[in-house]
Structures are given as C-alpha cells and as structure tokens.
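Naming convention: chains lettered A, B, ... in sequence-line order (proteins, then strands); numbering from 1 in each chain.
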Amino acid sequence: MAKITSVRGFRDILPDETPKWQGVEEKIRKTFSKFGVREIRIPVLEKTELFKRGIGEATDIVEKEMYTFLDRGNEYLTMRPEATASVIRAYIEHHIYEKDPVAKLFTIGPMFRRERPQKGRFRQFHQINVEFLGQEDPRIDAELMFMLMCLLREAGIDNLKLEINSLGCDTCRPAFREKIINFLKDREQDLCDDCRRRLLTNPLRIFDCKNESCREIIAEAPVVMDFICGQCSEHFGKVQEYLELLRIPFTVNTKMVRGLDYYTRTAFEVTTQSLGAQNAVTGGGRYDGLVQMLGGPDISGIGFAIGFDRLISMIPDEDTSYIDRPDIFIAALGDKAQCFAFSLCNTLRMAGVRTEMDFSNRGLKSQMKRSNKLDCLRTLIIGEKEMEEGIAQLRNMSDGTQEPVDINDAEGIIKRIQLS
RNA sequence: GUGGGUGUAGCUCAGUUGGUCAGAGUGCCUGGUUGUGGCCCAGGAGGUCGAGGGUUCAAGUCCCUUCACUCACCCCA
C-alpha cells in the first residue's frame, strides 16, 4: 500500500517537541494573567466575507493565500488566515462592549495560509494573539508592547529587536499615500519590476524593498512621519515616552509598513537574527477603525500576533528548562516482583511521581538500559531476593549510588524521591 | 506563483570518469558480565539507492518525466 503523508506545509509536532510548546504556553498564560488578559476561544472556520472586509480585498492574504471553499449550504467559508478579525467579530456578536467596552483578550491557535513553505513558514502555523479593545490612550500601546517583551523574555528568548512606526489615521494616511505615489511615479523607471507592480497594489510596501536602486529612491522619499496629523503625531510621541518610562528598548523605523489593511497609527514588529529570512516573531499595531468596519460601534483597538512556531524554533535545544524526565524506573525480576512492581508503579503515579517500568520480563541489564534510555533519575531494583526480604535497592542513575528502601512503605519511597 | 539545492539503512550522510558500490557513523537487538545502565569490545537484523521511463553488455552514477523535501524571492507571524 502506498504511504499517505501529511499535506504540504502542514506538519506534525512530535512528542520530543511538545514539552517546549506546553512550557512556553504555560509561561505566557501566567504573564497574561498578571496583565488581566483573558482567553477567548474562537472557531477556525469563518465566513469568507469576514476576512475580505477585515483584512482588505487587495491584500495578498485575501487575494491568493486563503483556504476558501463553497460549503454545502452554498456559502463561502474560509480557514482563518489570522485571528484578529475573528476576535473582533466575536466581540461584536456577543455585545461584549455593552458590558464593558474595555476588553483585554488573547487567543491561541492554528492559522492557515496557502503560501510556499520555507524556513519558519508553514501553511498551518500557530499564533498567540492579543487584542486590547476600547482604549485609545498611548499608555495602552506602551503597556501592550511592554507585556509582549516581558513574555518573550520569560519564554527564554533574547536578542530581539522592537521596531515601531506610526502609519497615521484615516484622515492623514490618504494624503501621504498620494504624496508617495506621486513621488515614486516620477522615478518609476528606476524601480525594480516588483516595485513597479507595488506602485499599483500596495505602494507603501516599496519601503522595505531590498533592491539597491529602490533603496536609494526610498532614502529620499517623504516619510509618513512628516505627513501624519497633529493628533497622530502627538499619540506617537507619547507612545515613545511611555516606552522609555517602562525601559523598553526600541527603534523607530519609519519605513516599516504592515501587510494588513486595518492597521492605523502605532505599528510594531519584533524581529530576530536567528530565523533566516522569515525574521518576524511578532507583528502588531493599532486598528482604530476595524470594529466599526465589521459592523460594531466606533471602538478602538490594538493588538499583536506572535508566531508560535517561530518562537519555539528560537529556543535553543540546550535550554533544559523544558525537558521533563521520569523520577523513577522500577526494574522488577520474576513474576512476583513484576506483579508487585506493577501495583507500586501506579501507586507512585497517583502520588504524583513520574514512574516508568517495563513489562518485557527481560533481565536486569536490559531493564537498566531502558531506565537509562528514558533518562530516569532513579531506578528501584526489585528482584526475588528483595521480595523475600522486603527491601529493595534505590539506585541514583547519575552517580550510581544505591540505598535500601522498604518496598512496603510507599510513602517512605515517595518522600525520598521528593527530597532529592 | 518564480528560481536554486537535495532525495542511498529508523536517523545523519559517504559512494571519484558508468564496471565488488550496497557502505560508514549513529540508533536498535544479542553477547562479553547467569542480578546493575552510561564507556569499551564482538556479532546480528535492517535498503525495490524517491517514483516512472530511456540510453547501455552494464545505471545509485548519464538523459527525460514526475513527486517529495528544502532554501530563497514574493508575502507575513
């Protein structure tokens, strides 16, 4: 029979890796709880219209990366390519703002985009999303970024760079957009092919082109900062002040732009050197018009998405804080001892001790090997002699020392394990 | 969607101009030690050389097709 493999870009996360995922998630949840961020769980499937309206018709995501299909009910559905639109949909649908317009929400789960896979990029990938809704104060921008940097540090990752920018709001951005298009049109012949195309689709993206002649042009181009309105400028200034107050290192990157249409004002990105070309670990920003755009009241919001897969891949394998080894292995010889050990093994487990044993009925040597392979901290050796005397040998696998223990005193064994 | 790289044992990979080229290391099993792991030594199992076609007396090696993986562009987390 031919083997059936997983779908391209969809991968299995194997038991050797899951402890990292669980460990990081646990740390992140603790941080969220300190900041009063509560979990919301949302569906993986949404009506296609949600993303068209939320992310923007003309974006690459909506144009060519979504898993969309016609459902039997004759309705177009889409595997979500991002979470913010869904969170806002739920916030509106359940009238969460009626009870309290201020909401701090997070959600964790898989997203789907049909791109060509490469290092750090999969068709099913995982994001940790945070949305702070109902507050426009620049302190909320700073607090969100502060929390983000805290939780990345707690996950054991450093060497990160926080870059921020302001994209302006609905009133000042169109003017800037027009300015930049005019500026670039005059120099169109010096732009690369990609950028000439971008001029029509998404002119702001030309800002992060790597082509040298494009960069030269960009260097002289007008910057968002020079065009944003008074309020946006003041907001951005305050955000920087508060970031400094909270001692968060950052750099202003006036060329940073975002690929989703809903972003306004503050935009930010956390990047690293260690991921190859896909160097963004987190991207986020303010989206003051999104709630209204999705049919809700005029409520502002700001949020970010952490690329969970990328985050995990940055944790060095030497980081031992995520490994989880058995406390004890019971090596039992002979039917009587095996029987006794089977019972003891499960008693220890119920008492919270991570216990392993082996039913193959092989010799002590191979059971010791298995204990070693499983990286058990200790081995309890119970042979026929020990069964008769009621005294087993508790061996420390790192230094090879052994001590006698009373096999009928499970509590005594547990205490000894928990002490060392 | 576009371009490059790679597919040989469970894993990581050698394999020269076509001619003992079916290999190493590691992992696994057994033994050296009849009740003591790791280190060492010996032995063993394990592969339609990604798949299909072609050239040739002869193909892991050359040609064509195809699939998969991978990196980069694009884009993004």
Is it true that the side chains of S300(A) and Q135(A) contain a donor and an acceptor less than 3.5 Å apart?
no
Say we look at U56(B) and C21(B): how far apart would their P atoms be, to the nearest angstrom?
26 Å
Distance between C1' atoms of G47(B) and U8(B) (Å, rounded):
8 Å
Hunt down the Watson-Crick or G-U wobble partner of U6(B), both distances under 3.5 Å, from any strand shown, or write none.
A68(B)
Would you mind reading off the distance between R325(A) atom CZ and G37(B) atom C1', rounded to a whole angstrom?
13 Å
With a 4.5 Å heavy-atom cut-off, do M397(A) and L377(A) have their side chains touching?
no
Determine the interplanar angle of the F176(A) and F227(A) rings, folded into 0 to 90°, and report it as parallel if under 30°, tilted if 30 to 60°, perpendicular if over 60°.
tilted
Could you go over nucleotides 43-48 of chain B and give all protein N or O partners under 3.5 Å, atom names and distances?
none

For L260(A), answer base if it contacts any base atom (sugar-phosphate contacts may also be present), sugar-phosphate if it contacts only those atoms, and nothing otherwise; contact means non-hydrogen atoms under 4.0 Å.
sugar-phosphate
Scanning all shown strands, the Watson-Crick or wobble mate of C62(B) with both distances under 3.5 Å is G54(B)
In this structure, how many angstroms lie between the C1' atom of U36(B) and the CZ atom of F329(A), rounded?
12 Å
Salt-bridged, R89(A) to E93(A), with N to O below 4.0 Å?
yes
Between C13(B) and G7(B), how many Å separate the two P atoms, rounded to a whole number?
9 Å
Separation of G37(B) atom P from Q393(A) atom CD, nearest Å, is 15 Å
Indicate, yes or no, whether a donor-acceptor pair under 3.5 Å links the base of U36(B) to the side chain of Q402(A).
yes
Distance in angstrom units between L148(A) CG and A77(B) C1', rounded
12 Å
Please figure out whether R310(A) or D399(A) has its closest RNA chain B nucleotide nearer the 5' end.
D399(A)
Send over the distance from D358(A) CG to C29(B) P, rounded to a whole Å.
10 Å
C1' spacing across the pair U33(B) / U70(B), given as an integer number of angstrom
47 Å
What class does the angle between the rings of W21(A) and F308(A) fall in, given that below 30° is parallel, 30 to 60° is tilted and above 60° is perpendicular?
tilted
C62(B) and G15(B): how far apart are their P atoms, nearest whole angstrom?
12 Å
Describe the nucleic acid contact of E63(A) in one word from base, sugar-phosphate, nothing, applying a heavy-atom distance below 4.0 Å.
nothing
Per atom distances to the Q278(A) side chain, the nearest of A77(B), G35(B), C73(B) is C73(B)
How many whole angstroms separate atom CG of L275(A) from atom C1' of C75(B)?
16 Å
Walk me through it: do R123(A) and E115(A) pass the test salt bridge (charged side-chain N to carboxylate O under 4.0 Å, His left out)?
CA-CA 6 Å; R123(A) 289 180 172 184; E115(A) 300 176 87; over 6 Å; no
Looking across every strand, which nucleic acid part, if any, lies under 4.0 Å from G284(A) by heavy atom: base, sugar-phosphate, or nothing?
nothing
Nucleotide N/O of nucleotides 68-71 of chain B paired with protein N/O under 3.5 Å:
unit_1	atom_1	unit_2	atom_2	d
C69(B)	OP2	R8(A)	NE	3.0
C69(B)	OP2	R8(A)	NH2	3.2
C71(B)	OP2	K119(A)	N	2.9

Using the P atom as the reference point in each nucleotide, state the distance between G35(B) and A51(B) in Å, no decimals.
47 Å
For F51(A), what residues pass the ring-ring contact (aromatic ring centres under 6.0 Å, His included) criterion, not counting sequence neighbours?
none
Pairing check on G1(B): which nucleotide meets the Watson-Crick or G-U wobble criteria with it, both distances under 3.5 Å?
C73(B)
Determine whether the aromatic ring centres of F268(A) and F250(A) lie less than 6.0 Å apart.
no
With both distances under 3.5 Å as the test, what is the Watson-Crick or G-U wobble partner of A22(B)?
none
Regarding T266(A) and D141(A), is there a side-chain donor-to-acceptor distance under 3.5 Å anywhere?
yes
Side chains of T107(A) and E39(A): does their closest heavy-atom pair fall under 4.5 Å?
no
Could you check which residues of residues 361-377 of chain A get a heavy atom under 4.0 Å from RNA chain B? Sort them by number, please.
R362(A), L364(A), K365(A), M368(A), K369(A), N372(A), K373(A)
Whole-Å P distance, G53(B) and U61(B)
14 Å
Separation of G50(B) C1' from I4(A) CD1 (nearest whole Å):
18 Å
Determine the contact category for E384(A): base if any of its heavy atoms lies under 4.0 Å from a base atom, sugar-phosphate if only primed atoms, P, OP1 or OP2 are that close, otherwise nothing.
base
Using the closest heavy atom to pick a nucleotide of RNA chain B for each, name whichever of R395(A) or G283(A) lands nearer the 5' end.
R395(A)
Figure out the CZ/C1' separation between F304(A) and A77(B), and round it to whole Å.
12 Å
Is it true that the NZ or CZ of R187(A) lies under 6.0 Å from the centre of F183(A)'s six-membered ring and within 45 degrees of the ring axis?
yes
Which nucleotide, if any, forms a Watson-Crick or G-U wobble pair with U34(B), using both distances under 3.5 Å?
none
Under 3.5 Å, is there a donor-acceptor pair between the Y91(A) and E131(A) side chains?
no
hbond_proxy R114(A) side chain to C75(B) base (donor-acceptor, 3.5 Å cutoff):
no
Scanning all shown strands, the Watson-Crick or wobble mate of C39(B) with both distances under 3.5 Å is none
Name all residues meeting the side-chain hydrogen bond (donor to acceptor under 3.5 Å, both in side chains) criterion together with E82(A); count only those two or more places apart in sequence or in a different chain, and write none if there are none.
Y262(A)
Identity of whatever pairs with G44(B) - Watson-Crick or G-U, under 3.5 angstrom:
C28(B)
Applying a 4.0 Å non-hydrogen cut-off, can you work out what I306(A) is touching in the nucleic acid: base, sugar-phosphate, or nothing?
nothing
E403(A) with R416(A): basic N within carboxylate O range, under 4.0 Å
yes
Carboxylate-amine/guanidinium contact R153(A) D158(A), below 4.0 Å:
no
Assess the side chains of E46(A) and T78(A): does a donor N or O sit below 3.5 Å from an acceptor N or O?
no
If the C1' atom of C74(B) is compared with that of G1(B), how far apart are they to the nearest Å?
9 Å
Which residues in residues 123-134 of chain A have at least one heavy atom lying under 4.0 Å from any atom of RNA chain B?
F125(A), Q127(A)
When all nucleic acid strands are considered with a 4.0 Å heavy-atom cut-off, which category describes S360(A): base, sugar-phosphate, or nothing?
nothing
E25(A) vs R29(A), test: salt bridge (charged side-chain N to carboxylate O under 4.0 Å, His left out). Steps then yes/no.
CA-CA 6 Å; E25(A) 189 173 324; R29(A) 282 174 183 275; 3.0 Å; yes
